[in-house]
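Read the structure below first, then the notes.
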Amino acid sequence: AYTFNSLISGLCKAGDFEIAMELFEEMKKKGCPPDEFTYNILIDQFCISGKLGRALGLLKDMESNGCARSVVTYNTLIDGLCKSMRVEEAEEIFDQMELHGVSRNLVTYNTLIDGLCKSKRVDEATELMNKMILEGLKPDKLTYNSLLTYYCKEGNIKKAAEIVQTMTTNGCEADMVTYGTLISGLCKAGRTQVACKLLRSIQMKGMVPSPKAYNPVIQALFKQRKAKEAVRLFREMVEKGESPD
RNA sequence: UCCUUAUCGCUAG
């Protein structure tokens, strides 16, 4: 099955889904039954292509083929449902895990928290974060970033700053993803100057801002008709050894 | 051999 799984996964990534499915059928016929990994790969593919019904169908299949669902299986489905804007169903799957005796892990929580944030249900996302802490799981960068992204998109800089505060006090270092999110939030809120200052302070810390941290600022400067400043910033970025993207 | 987070752009609406 190992060989088949590698092939199927590779084919899916290359977009050759048809061939992957043929191999899947072949496995069953050739006495090499698909295992948990095979199913997870295919479920993920169906989710990515928006065929949730088929993904759920495979989930049923697993059971009848004596294949145990793992936490990854559930995580994949939860993510797929969230990305298709079917968060309610994702929540159902989340609840089902308990009944099936599969324990949720950090990824499970992060996935659903992100889904809730993207559906603008930030209060519930925050509740869920508290719940995970009660269950002994530690929120990580990804957890905080989902919330941070929500507040930044909303232009709620105050809340965003609070999140950064919380994450650092909980031992999560702000990284370039964090800064990139914050900077774009600041630009969106029209606080371009503050965003520039943040760029500076990142450099003071000895970090090199990524192009993704520069981009929103450059963009915002153009919108404010400050093309010269934008170009200056661009030059600076190149000098510091970053390749523009 | 399998799952989750940020910016911009592109495409569609």
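Chain identifiers are assigned alphabetically (A, B, ...) following the order of the sequence lines, protein sequences preceding nucleic acid strands; residue numbering begins at 1 within each chain. Remember, predicted model here, so these are calculated numbers, not experimental data.
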Side-chain N or O of [X] less than 4.0 angstrom from OP1 or OP2 on [N]?
{"X": "A:Q45", "N": "B:C2", "value": "no"}
{"X": "A:K212", "N": "B:U5", "value": "no"}
{"X": "A:K83", "N": "B:U4", "value": "no"}
{"X": "A:K118", "N": "B:A6", "value": "yes"}

Flag for A:Y151-A:E162: side-chain donor and acceptor within less than 3.5 Å: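 No pair is found: no donor N or O on one side chain lies under 3.5 Å from an acceptor on the other.
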Under a 3.5 Å cutoff, is there a donor and acceptor pairing between the side chains of A:D35 and A:T38?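 Yes.
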Any chain of hydrophobic side-chain contacts (each under 4.5 Å) joining A:Y214 to A:V208?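 No, separate clusters.
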Once you round it to whole Å, what is the distance between [atom2] of [N] and [atom1] of [X]?
{"X": "A:L11", "N": "B:C2", "atom1": "CG", "atom2": "C1'", "value": "15 Å"}
{"X": "A:D44", "N": "B:C3", "atom1": "CG", "atom2": "P", "value": "6 Å"}
{"X": "A:F94", "N": "B:U4", "atom1": "CZ", "atom2": "C1'", "value": "13 Å"}
{"X": "A:M129", "N": "B:U5", "atom1": "CE", "atom2": "C1'", "value": "14 Å"}
{"X": "A:Y39", "N": "B:C2", "atom1": "OH", "atom2": "C1'", "value": "14 Å"}
{"X": "A:M62", "N": "B:C3", "atom1": "CE", "atom2": "P", "value": "14 Å"}
{"X": "A:L116", "N": "B:U4", "atom1": "CG", "atom2": "P", "value": "17 Å"}
{"X": "A:L42", "N": "B:C3", "atom1": "CG", "atom2": "C1'", "value": "14 Å"}

Between [options], which one does the side chain of [X] approach most closely?
{"X": "A:Q219", "options": "B:C3, B:G9, B:U4", "answer": "B:G9"}
{"X": "A:T149", "options": "B:G9, B:U5, B:U1", "answer": "B:U5"}
{"X": "A:S6", "options": "B:U1, B:C3, B:U7", "answer": "B:U1"}
{"X": "A:V107", "options": "B:C8, B:C2, B:C3", "answer": "B:C3"}
{"X": "A:I41", "options": "B:C2, B:U5, B:U7", "answer": "B:C2"}
{"X": "A:F37", "options": "B:U4, B:U1, B:U7", "answer": "B:U1"}

Gap separating the CD atom of A:E91 from the CZ atom of A:R86, nearest 0.5 angstrom: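 Between atom CD of A:E91 and atom CZ of A:R86 there are 13.5 Å.
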Spatial distance of atom CG (A:N105) from atom CE (A:M132) [nearest 0.5 Å]: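 One gets 9.0 Å once the value is rounded to the nearest 0.5 Å.
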Between B:U1 and A:N5, counting only base atoms on the nucleotide and side-chain atoms on the residue, is there a donor-acceptor pair under 3.5 Å?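 Pair found.
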Check: B:C3 base within 3.5 Å donor-acceptor of A:N75 side chain: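 Yes, the side chain and the base share a sub-3.5 Å donor-acceptor pair.
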Under a 4.5 Å cut-off applied to non-hydrogen side-chain atoms, are A:C152 and A:L148 in contact?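 Yes - at least one pair of side-chain heavy atoms lies under 4.5 Å apart.
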Base, sugar-phosphate, or nothing: which does A:K13 touch, judged by heavy atoms less than 4.0 Å apart?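 The residue A:K13 makes no contact with any strand.
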